[in-house]
Visitor: 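Mind looking over this structure? Questions follow.
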Amino acid sequence: MQDEEVPESELIRVRRDKLARIIDLGFDPYPTRADIDQTIEDVVAKYGGKSAQELEAEKPHVKIAGRILTIREFGKTAFLVLSEKTARIQAYCRKDALSEREWLLYQNLDAGDWVSVEGTVFRTKTNELSVKVQHLNFLAKALRPLPGKWHGLTDVEQRYRQRYVDLIVNDDVKRIFETRARIVRYIRTYFDTHNFIEVETPMMQPIAGGAAARPFVTHHNALDIDLYMRVAPELYLKRLIVGGMSRVYEINRNFRNEGIGYRWNPEFTMLEFYWAYADYKDLIELTEDLLNGLVREVKGSETVTWRGAEISFRRPFPKFTMKEAIARFSKGDISLNGLGDRDNLVKLVKKFGEHRPVTADGTEPPKGTPVPEIASMNEGKLLAELFESIAEEHLINPTFITDFPVEVSPLSKQRRDDPRYVERFELFIGGMEIANAFSELNDPDEQARRFQQQVSERERGDEEAHRVDDDYVRALEYGMPPTAGEGVGIDRLTMILTDSPTIRDVILFPLMRPR
RNA sequence: GGGCCCGUAGCUCAGUGGUAGAGCAGCUGGCUUUUAACCAGUUGGUCGUAGGUUCGAUCCCUACCGGGCUCACCA
């Protein structure tokens, strides 16, 4: 970055000089520990509610540490705002209350430095909770200056690239990741208490299966084989169901070699779980229960605001079939009847569908790569295409979409009453797909046929078509009980629950082009 | 990859075809209950990079680099 080109900028040099003076005063520049008896959070929690009179009577003695955020200086007095996590407290330093050595230390401090202070808690004239410092000690120097206190750190790129600076300055960032941790903790507890067992399955796979997506490729030297970063844990988790584990879940990273956008990061976190003896209708119940409970736990209410929209998690969530959603959100342009006819679907996709670029993937295709034509798409794909371009963005409140076509659902069980469709739903919130769930196809012969179908899709140029996994078919041949499975996007869910407009706000270190 | 926009001091931003300015931060001085503290003074920039037009470019043009939004692929 620019600092590496100018390693000794004036500001850094000044701070190095101050550090040298601090060492001259006999302070350890990098002490091994800090002598504290509580955190700033503790002090605020214990004394934040007490009045000046109560504190005057009690004179609580505390030893705390934190980072100096700002210094306000008054000659022989100063106020240091100390920060730790999202808690803040003001330290009041007086020359006559400190030793000469400590006062000289104070004079060589900068915003950003870490210090520990010992003193009594009181309130100033302006009623600010403060610590009257009796002893000041040095913990670490910030050689680089903090961003300005007025505007803070607003440069979007630097916020993501140097998240540590973002965290120092922007309290909201810490709160978002605290909320994210609470979300994950709630989900873990939910599944643990429902007798699911948490497992971990391979991130590096010889075949990237379980989702329609393009994978990252890597290489194992000793075996001299290419491996794929997983796009989903699905096929491994179902192998565990075959093995008799009955209820499993995994919260972990998936990797998809695709674009980056406000709701897409190349690596993202999914909850995926499988539940033997249940079907997709049971999953609807479970999903409503899980999310409703989660939102009430995290937000203390059944509604949240996201990007200015009110989103209600009140049960039951609305439910539409895919065709109903298309008809409903086409503003009368499309009737349910019109969706049964393939020729008509082609016309509709051409009219309402997103205009595809010349290439299928938006980047330079290898020479001779076939491009999927709307005219050659099967009926199911046309329907799904139409749904995505017409209905998806309107599904703001949590909404289940059911009756997916079998052609776009290679791992789902067909409906008994109409095998053109599968027992599957996706849950949309804020116009984003949050969950995808279905009754798992457990007929090995049918699964083999579906894989073959995907192969021909791939040959027709669909690079996201599912790959054949022979060992998975073999696993099914050992017998998998009726099972329902679901994946939930944790990052997107966190976006909704933290009112974050982009996925990069809920991922600590989102992927950036290296500099 | 396409479209639109952006890149000037550590931060946030002005600005002009004649080689730059403000506030904050920094530094110096003053100030023993302030909180965007205040007052006075002061340091600091090869104006993203490389070419081109021009007597002369930070400003105009081109390319490149980086970023944002958006579209596409996709969850």
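In the text below, chain A, chain B and the rest are named by the order of the sequence lines, each starting its count at 1. As the structure is a computational prediction, the values presented were derived from the model and not from experiment.
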Visitor: Taking only the side-chain heavy atoms of K18(A) (C-beta and beyond), determine which of C27(B), U33(B), A75(B) contains the nearest atom.
Guide: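 Comparing C27(B), U33(B), A75(B) against the side chain of K18(A), the answer is C27(B).
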
Visitor: Whole-Å distance between A25(B) P and L146(A) CG?
Guide: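 These atoms are roughly 13 Å apart.
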
Visitor: Between U32(B), U70(B), U34(B), which nucleotide has the shortest distance from any of its atoms to the side chain of T77(A)?
Guide: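 Out of U32(B), U70(B), U34(B), the nucleotide with an atom closest to T77(A)'s side chain is U32(B).
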
Visitor: Please tell me which of the listed nucleotides, G26(B), U32(B), C73(B), lies nearest to the side chain of K76(A)?
Guide: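 The closest nucleotide is U32(B).
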
Visitor: E267(A): which residues meet the salt bridge (Lys or Arg N to Asp or Glu O under 4.0 Å) condition with it, sequence neighbours left out?
Guide: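 Partners of E267(A) by the salt bridge (Lys or Arg N to Asp or Glu O under 4.0 Å) criterion, ordered by chain and then number, come out as R253(A).
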
Visitor: If the condition is side-chain hydrogen bond (donor to acceptor under 3.5 Å, both in side chains), which residues does R307(A) pass it with, not counting sequence neighbours?
Guide: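 Per chain and number, R307(A) pairs via side-chain hydrogen bond (donor to acceptor under 3.5 Å, both in side chains) with no residue.
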
Visitor: U34(B), G10(B), U33(B): which one has an atom nearest the side-chain heavy atoms of Y92(A)?
Guide: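 Between U34(B), G10(B), U33(B), the one nearest the side chain of Y92(A) would be U33(B).
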
Visitor: Hey, is the side chain of R72(A) poking within less than 4.0 Å of OP1 or OP2 on A37(B), counting only N and O atoms?
Guide: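 Checking A37(B) against R72(A), a side-chain N or O does come within under 4.0 Å of OP1 or OP2.
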
Visitor: How would you label the contact of A212(A) with the nucleic acid (heavy atoms, under 4.0 Å): base, sugar-phosphate, or nothing?
Guide: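 Sugar-phosphate contact only.
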
Visitor: P atom, A14(B) versus C73(B): distance in rounded Å?
Guide: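 Rounded to whole Å, the distance is 36 Å.
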
Visitor: Once you apply the 3.5 Å cut-off to both distances, tell me the Watson-Crick or G-U wobble partner of U58(B), or none.
Guide: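 Per the H-bond distance test, none.
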
Visitor: Identify whether the distance between the nearest side-chain nitrogen and carboxylate oxygen of K319(A) and E288(A) falls below 4.0 Å.
Guide: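 Counted as a salt bridge, because a side-chain N and a carboxylate O are separated by less than 4.0 Å.
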
Visitor: Counting side-chain heavy atoms from C-beta on, which of A75(B), A37(B), U33(B) comes nearest to F122(A)?
Guide: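 Within the option list, the nearest is U33(B).
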
Visitor: State which of G26(B), A75(B), U33(B) makes the closest approach to the side chain of I503(A).
Guide: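 So the nucleotide nearest the side chain must be A75(B).
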
Visitor: In Watson-Crick or G-U wobble terms, both distances under 3.5 Å, what is the partner of C73(B)?
Guide: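 Pair assignment: C73(B) / none.
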
Visitor: With respect to the side chain of R492(A), which nucleotide from U32(B), A75(B), G26(B) is positioned closest?
Guide: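 So the nucleotide nearest the side chain must be A75(B).
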
Visitor: Pairing check on G66(B): which nucleotide meets the Watson-Crick or G-U wobble criteria with it, both distances under 3.5 Å?
Guide: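 The answer is C6(B), by the H-bond criterion.
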
Visitor: Does any nucleotide pair with A14(B) by Watson-Crick or G-U wobble geometry, both distances under 3.5 Å, and what is it?
Guide: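 The base-pairing partner of A14(B), which may sit in any strand shown, does not exist here.
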
Visitor: Please figure out whether A111(A) or G75(A) has its closest RNA chain B nucleotide nearer the 5' end.
Guide: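 Going by which nucleotide is closer to the 5' end, it is A111(A).
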
Visitor: Can the ring centroids of F387(A) and F428(A) be said to lie less than 6.0 angstrom from one another?
Guide: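 Ring centres of F428(A) and F387(A) closer than 6.0 Å.
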
Visitor: What nucleotide, of A37(B), U33(B), G26(B), holds the atom closest to the side chain of F79(A)?
Guide: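 Taking heavy atoms from C-beta onward, the closest nucleotide is U33(B).
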
Visitor: Looking only at the side chain of D110(A) (C-beta and beyond, no hydrogens), which of the listed nucleotides C27(B), U32(B), A75(B) gets closest?
Guide: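 In terms of side-chain proximity for D110(A), the closest of C27(B), U32(B), A75(B) is C27(B).
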
Visitor: Taking the minimum atom-to-atom distance to the side chain of T124(A), which one of U32(B), G26(B), U34(B) wins?
Guide: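 For the T124(A) side chain, the nearest candidate turns out to be U34(B).
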
Visitor: Is any side-chain N or O of E73(A) under 3.5 Å from a base N or O of U34(B), one able to act as donor and the other as acceptor?
Guide: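 Flag unset: no donor-acceptor pair detected.
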
Visitor: Would you please say whether a donor-acceptor pair under 3.5 Å links the side chains of S409(A) and R424(A)?
Guide: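 Side-chain D/A pair, S409(A) to R424(A): present.
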
